[in-house]
Amino acid sequence: MQKFTLKINGQSHEVEADPQMPLLWVLRDRLGMTGSKFGCGIGVCGACTVRMDGSVTRSCVFPVAACTDRDIRTIEGLSEDISHPVQQAWIAEQVPQCGYCQSGMIMAAVALLEETPEPTDAQIDATMTNLCRCGTYPRVRKAIHRAARMMAQA
Ligand code: FES
Ligand code: FES
């Protein structure tokens with residue numbers, strides 16, 4: 001066990017963990033941030049997606065020892081009142097079904113829109129590699145386009 005200081009959503013957190021413990025475990029089990037989900041555990045499904053120094057990161061395969069001195073952002077830090085345009089667009093387009101994949105989808109969509117403010121369907125399909133067993137992909141696309149319009153008007 002080792003002590004680590006992590007900067008998450010702008011706040012400093014002290015945790016004691018095995019250096020190889022994946023960030024997802026630290027977030028959920030040590031810090032009670034359960035918005036990021038465990039799906040596959042092998043970096044494929046994207047349910048555990050967070051941002052690290054702006055990059056989309058699958059936290060289930062990222063050891064805590066590699067997370068110090070990084071700017072970690074989770075779904076909990078997106079807004080305090082579900083007011084982020086991507087969250088609003090998700091609600092308007094009724095994207096979530098079971099909801100399990102959705103925090104990862106939203107984190108990936110936010111990163112996509114920062115990089116590409118008006119993405120085409122092809123760009124969305126190429127970038128949004130998160131898996132959804134409920135098949136929400138068409139709604140995800142619509143919501144990303146809606147969020148892009150909202151962000152352009154803001
Ligand atoms: S749980 Fe991390 S990618 Fe599936
Ligand atoms: S909404 Fe159910 S897995 Fe995506």
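In this chain, numbering begins with 1 at the start of the sequence shown. Please read these numbers as outputs of a predicted model, since none were measured by experiment. Every number for a ligand or one of its atoms is a count from 1 in the order of the listing.
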Need the ligand 1 atom indices (1-based, order shown) with element for anything under 4.0 Å from a heavy-atom of [X].
X: Arg58; result: 3 (S)
X: Gly46; result: 3 (S), 4 (Fe)
X: Cys45; result: 1 (S), 3 (S), 4 (Fe)
X: Gly43; result: 3 (S)
X: Gly41; result: 1 (S), 4 (Fe)

- Query: Taking the six-membered ring of Phe38 as reference, does the NZ or CZ atom of Arg28 fall below 6.0 Å from its centre and within a 45° cone about the axis?
  - Reply: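 Judged by the rule (NZ or CZ under 6.0 Å from the ring centre, within 45° of its axis), Arg28 is not positioned above Phe38.
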
Side-chain touch [X]/[Y], heavy atoms, less than 4.5 angstrom:
X: Pro19; Y: Phe4; value: yes
X: Trp90; Y: Ile144; value: yes
X: His145; Y: Asp121; value: yes

- Please round to the nearest 0.5 Å and tell me the distance separating atom OG of Ser36 and atom CE of Met107.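 The CE atom of Met107 is 7.0 Å from OG of Ser36, to the nearest 0.5 Å.
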
Check the surroundings of atom [atom1] in [X]: do more than 12 heavy atoms from other residues, nucleotides or ligands lie under 6.0 Å from it?
X: Asp53; atom1: CG; value: yes
X: Glu16; atom1: CD; value: yes
X: Lys37; atom1: NZ; value: yes

- Query: In a check of side chain to side chain contact (heavy atoms under 4.5 Å, CB included) between Gln88 and each of Arg146, Glu93, Met150, which one passes?
  - Reply: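 It is Met150; the other options fail the test.
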
- Message: If we set the cut-off at 4.0 Å for heavy atoms, which region of Ile42 has an atom near ligand 1: side chain, backbone, both, or neither?
- Response: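 Neither; nothing of Ile42 gets under 4.0 Å from ligand 1.
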
- Message: Do Leu78 and Val56 sit in one hydrophobic cluster, given that two such residues count as connected whenever their side-chain heavy atoms are within less than 4.5 Å of each other, even indirectly?
- Response: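 In one cluster with Leu78: Val56, no.
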
- Protein-derived N, O or S atoms lying under 2.8 Å from atom 4 (Fe) of ligand 2, waters excluded: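 Total protein N/O/S atoms under 2.8 Å from atom 4 (Fe) of ligand 2: 2.
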
- Quick check: does Cys60 put an N/O/S atom under 2.8 Å from atom 2 (Fe) of ligand 1?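 Checking atom 2 (Fe) of ligand 1 against Cys60, an N, O or S atom does fall under 2.8 Å.
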
- Give a yes or no on whether Cys48 keeps an N, O or S atom under 2.8 Å from atom 2 (Fe) of ligand 1.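 A backbone or side-chain N, O or S atom of Cys48 is under 2.8 Å from atom 2 (Fe) of ligand 1.
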
- Message: Quick test: of every protein heavy atom, which one is nearest to atom 1 (S) of ligand 1, and how far off is it to 0.1 Å?
- Response: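 The closest one turns out to be Gly39 N, 3.1 Å.
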
